[in-house]
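Below: one structure, written as structure tokens.
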Amino acid sequence: MSDQFVTVQSAPDDLAAILYTSGTTGRGKGAMLTHENLSSNALVLKEAWGWCEGDVLLHALPLFHVHGLFVASHGALLNGSKMIFLPKFDADQVLHYLPQSTVMMGVPTYYVRLLQDERLNQVRCNSMRLFISGSAPLLRETFDKFQQRTGHTILERYGMSETTMLTSNPYAGERKGGTVGLALPGVTVRVVNAQEEICSIDEIGDIQVQGPNIFQGYWRMPDKTAEEFTEDAYFRTGDVGKFDQDGYLSIVGRSKDLIISGGYNVYPKEIESVIDDMPEVVESAVIGLAHADFGEAVCAVIVLRAMTTLDAATVITRLKSQIANFKVPKQVFFVSELPRNTMGKVQKNLLRQQFQN
Ligand code: MCA
Ligand code: AMP
């Protein structure tokens, strides 16, 4: 293989990447990101997170998602920084390399796992300048414990594959736990009610965004793309949140039926379809239940056909051969029927209440 290549000139509007994300229907969608989308965000983050001479990135994230592929790598590349690449997150390895690093990015599970290790302390983090968390909600408890143990305040930020990074707690100003910070420079973030009117401070609504970082649409899905944008060209994130009086955004939920497990998105519909295809099954509902390590864990609730038997272990074994490991339910429950509202929609909130221990 040659180590030589010819640089191909690209225009800002040229497509740079198509990133596949799963959807509420369980069908993948290719989010089209241009060079301008990626470069505008990389430049903003370089400034916002204070990348400087001597920085060393400790990189333990998977390289097939925006977080590891762009957010972490682009910062280091743009800054000409050294990266310590780990094949995967492993608390032992991270603790080993922390004293040689200055910046680390991770999903909340990384910080939960590091805290479980006694070796995580202030001395080991002496050379560290910044710990960043994103992709899933960072629990207040993790934020506080990490601060107490290491003296470092984790900086939480918020983004999506379709948009790259949208908001961030400040590098220099106050980092507020439980919030995802302020809109990044050049990015407009608004929270709207059901009538699409701007919400007041502390009022919960849908988060919509605009900026040079927002993707061009879903590959070969013009109708789906049109649905996701408002008339005035804001992208509907599907996340629900509120602003405080200082302009810090908090994410309080999602309008889409999405589970985030250890930073990976799981759409219940995809798993329900596979379970429903099992001959013993009448129907199923997949829900997310709070989980100490993964934040949320995928769990399945199943209604069986009369005169059939099926146990949780068999369901899990079958699913393991059909879907990615992180999508396989950690727990399976059997019920005689699923609770439904008058519209016939399964009431997942009731199932979550019933099975959350
Ligand atoms: C692995 N397993 C999981 C997960 N990962 N189950 C649920 N949720 C997961 N996230 C399965 C394994 O296959 C295994 O199954 C069992 O759980 C235990 O595995 P374990 O060894 O604990 O897992 P691991 O290999 O240590 O992985 C956990 C992890 C990893 C390190 C947290 O999932 C991870 O690196 N997540 C980061 C994801 C990420 O980069 N997300 C960014 C996308 P079994 O025992 O049955 O074999 S979002 C994004 O890019 C946007 C733009 C953003 O905002 O950042
Ligand atoms: P993805 O589609 O994999 O890019 O995941 C994007 C989704 O991750 C967003 O729509 C949010 O629901 C979620 N997300 C990302 N960062 C955060 C965060 N800091 N807190 C809560 N949710 C987050």
Side-chain angles (χ1 to χ4, degrees), residues 17 19-24 28-29 31 33 41 45 59-73 86-94 105-114 116 132-140 142-143 154-169 177-181 206-209 213 215 228 235-241 249-267 271 288-289 291-299 313 316-317 319-321 323-331:
L19 292 184
Y20 273 80
T21 80
S22 39
T24 39
K29 298 173 290 184
L33 292 163
N41 212 234
L45 294 179
H59 193 305
L61 285 154
L63 277 172
F64 43 82
H65 279 296
V66 161
H67 198 164
L69 184 61
F70 299 144
V71 186
S73 310
L86 301 183
K88 60 169 278 193
F89 175 85
D90 176 81
D92 254 347
Q93 289 290 305
V94 168
M105 302 188 197
V107 298
T109 302
Y110 292 10
Y111 297 108
V112 169
R113 290 188 182 180
L114 285 174
Q116 281 161 0
I132 300 177
S133 176
S135 307
L138 179 73
L139 289 183
R140 190 62 208 238
T142 313
F143 176 87
I154 298 175
L155 180 155
E156 187 171 4
R157 58 56 174 184
Y158 158 61
M160 298 178 74
S161 302
E162 288 91 337
T163 64
T164 64
M165 297 302 98
L166 296 163
T167 70
S168 172
N169 270 280
T179 83
V180 293
D206 292 327
I207 302 172
Q208 301 182 344
V209 294
N213 51 320
F215 77 136
E228 303 295 337
F235 174 59
R236 304 177 201 275
T237 63
D239 293 310
V240 175
L249 182 71
S250 300
I251 298 177
V252 299
R254 301 166 206 125
S255 56
K256 55 199 174 193
D257 193 11
L258 166 71
I259 301 166
I260 305 186
S261 173
Y264 285 134
N265 287 5
V266 181
Y267 280 93
I271 302 156
L289 296 180
H291 188 276
D293 185 33
F294 292 125
E296 274 184 300
V298 174
C299 299
I316 289 173
T317 309
L319 289 175
K320 277 195 172 171
S321 65
I323 54 175
N325 249 350
F326 67 91
K327 296 179 183 171
V328 175
K330 302 280 182 230
Q331 282 182 291

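When a ligand or atom number is given, it counts from 1 through the structure's own listing order.
For ligand 1, the atoms lying closer than 4.0 Å to a non-hydrogen atom of M160 are 52 (C). Of all atoms in ligand 1, listed by their number and element, those nearer than 4.0 Å to a heavy atom of K320 are 44 (P), 46 (O). Listed by number with element, the atoms of ligand 1 under 4.0 Å from a non-hydrogen atom of V107 are 37 (C), 39 (C), 41 (N). Set against the non-hydrogen atoms of V66, the atoms of ligand 1 under 4.0 Å away are 50 (O), 52 (C). For ligand 1, the atoms closer than 4.0 angstrom to any heavy atom of S161 are 52 (C). Set against the non-hydrogen atoms of S261, the atoms of ligand 1 under 4.0 Å away are 7 (C), 8 (N), 9 (C), 10 (N). Proximity to M160 (heavy-atom distance under 4.0 Å) selects the following atoms of ligand 2: 4 (O), 6 (C), 9 (C), 10 (O). Heavy-atom contacts of I260 reach the following atoms of ligand 2: 8 (O), 12 (O), 13 (C) (cutoff under 4.0 Å). Within the listing of ligand 1, atoms 54 (O) sit less than 4.0 angstrom from a heavy atom of G159. Of all atoms in ligand 2, listed by their number and element, those nearer than 4.0 Å to a heavy atom of V180 are 18 (C), 19 (N), 20 (N). Every atom of ligand 1 is numbered from 1 in the order shown, and the set under 4.0 Å from a heavy atom of L61 is 40 (O).
When all heavy atoms are compared, the tightest approach of T167 to V180 is OG1-O, 2.8 Å. Across all non-hydrogen atoms, the minimal contact from T109 to D293 is OG1-O, 2.9 Å. Residues G68 and L63 share a closest heavy-atom pair of O-CD2, 3.7 Å. Contact between V298 and K327 at its shortest, heavy atoms only, is CG1-O, 3.6 Å. Shortest non-hydrogen contact noted between V240 and D206 is CG2-OD1, 3.7 Å. Pairing each heavy atom of H67 with each of S135, the nearest pair is ND1-OG, 2.7 Å.
The shortest distance between side-chain heavy atoms of Y110 and L61 falls below 4.5 Å. Side-chain contact between P137 and I251: absent, with no pair of heavy atoms (C-beta onward) separated by less than 4.5 Å. Taking the side chain as every heavy atom from C-beta outward, T142 and P108 never approach each other to under 4.5 Å. Side chains of R157 and L45 form no contact here, defined as non-hydrogen atoms less than 4.5 Å apart. Annotation: side chain of H291 is not in contact with side chain of S261 (no heavy-atom distance under 4.5 Å). Looking at heavy atoms from C-beta onward, Q208 lies in side-chain contact with R236 at the 4.5 angstrom threshold. Contact check for L114 versus V94: side-chain heavy atoms found under the 4.5 Å cut-off. Side-chain atoms of E156 and T179, non-hydrogen and from C-beta on, never get closer than 4.5 Å to each other.
Taking 4.0 Å as the cut-off, T21 does not count as a neighbour of ligand 2 on heavy-atom distance. For G68, the closest heavy-atom approach to ligand 1 does not fall below 4.0 Å. The shortest heavy-atom distance from K327 to ligand 1 is not under 4.0 Å. At least one heavy atom of S135 sits closer than 4.0 Å to an atom of ligand 2. The shortest heavy-atom distance from Y158 to ligand 1 is not under 4.0 Å. Under a 4.0 Å heavy-atom criterion, V66 is not in contact with ligand 2.
Here the heavy atom of the protein found nearest to atom 34 (C) of ligand 1 is Y110 OH, 3.8 Å. When hydrogens are left out, the protein atom nearest atom 21 (C) of ligand 2 is P137 N, 3.4 Å; that is the closest non-hydrogen contact. With respect to atom 47 (O) of ligand 1, the closest heavy atom belonging to the protein is N325 ND2, 3.4 Å. Among protein heavy atoms, atom 37 (C) of ligand 1 sits closest to G262 O, 3.4 Å. What sits closest to atom 32 (C) of ligand 1 on the protein, heavy atoms only, is T109 CG2, 3.7 Å. Nearest protein heavy-atom contact of atom 10 (O) of ligand 2 is D239 OD2, 2.6 Å. Of all protein heavy atoms, the one lying nearest to atom 33 (O) of ligand 1 is Y264 CE1, 3.2 Å. The protein atom (non-hydrogen) at minimum distance from atom 5 (O) of ligand 2 is N265 ND2, 3.1 Å.
The heavy atom nearest to atom 6 (C) of ligand 2, considering only G159, G295, G253, is found in G159. For atom 28 (C) of ligand 1, the candidate residues are H65, R113, E296, M165; the nearest heavy-atom contact is made by R113. With atom 25 (O) of ligand 1 as the reference point, the heavy atom nearest to it among K88, R157, M105, H291 is part of K88. When the heavy-atom distances from atom 43 (C) of ligand 1 to G106, G263, P62, S133 are ranked, the shortest goes to G263.
Within 4.0 Å of atom 53 (C) of ligand 1, at least one protein heavy atom is present. Note that atom 45 (O) of ligand 1 has no protein non-hydrogen atoms nearby, at separations under 4.0 angstrom. Distance check for atom 19 (O) of ligand 1: every protein heavy atom is found at 4.0 Å or beyond.
Geometrically, ligand 2 and S161 share a nitrogen or oxygen pair separated by less than 3.5 Å. The N/O atoms of E156, backbone and side chain alike, include one that comes under 3.5 Å of an N/O atom in ligand 2. The distance criterion of under 3.5 Å between nitrogen or oxygen atoms is met by R157 with respect to ligand 2. Between K330 and ligand 1, at least one pair of N/O atoms sits closer than 3.5 Å. Backbone and side-chain nitrogen or oxygen atoms of S135 are examined, and one is located within less than 3.5 angstrom of a nitrogen or oxygen of ligand 1. Backbone and side-chain nitrogen or oxygen atoms of F294 are examined, and none is located within less than 3.5 angstrom of a nitrogen or oxygen of ligand 1. Residue H67 has at least one N or O atom closer than 3.5 Å to an N or O atom of ligand 1.
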Subject >> Derivation of the side chain to side chain contact (heavy atoms under 4.5 Å, CB included) call for T163 and V66 >> reply: CA-CA 9 Å; T163 64; V66 161; over 6 Å; no
Original post:
Between F70 and N41, does a side chain to side chain contact (heavy atoms under 4.5 Å, CB included) hold up when you go through it step by step?
Top reply: CA-CA 9 Å; F70 299 144; N41 212 234; over 6 Å; no
Original post:
Yes or no on ring-ring contact (aromatic ring centres under 6.0 Å, His included) for F215 and F235, after CA distance, side-chain angles and deciding distance?
Top reply: CA-CA 9 Å; F215 77 136; F235 174 59; 5.1 Å; yes
Subject >> Worked check of side chain to side chain contact (heavy atoms under 4.5 Å, CB included) between L249 and Y158 >> reply: CA-CA 9 Å; L249 182 71; Y158 158 61; 4.1 Å; yes
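Residue contacts with ligand 2 for H65 are absent, since no atom lies close enough (heavy atoms, distance under 4.0 Å). In S133, neither the side chain nor the backbone holds a heavy atom less than 4.0 Å from any atom of ligand 2. When non-hydrogen atoms are compared, ligand 1 lies under 4.0 Å from the backbone of F326 as well as from its side chain.
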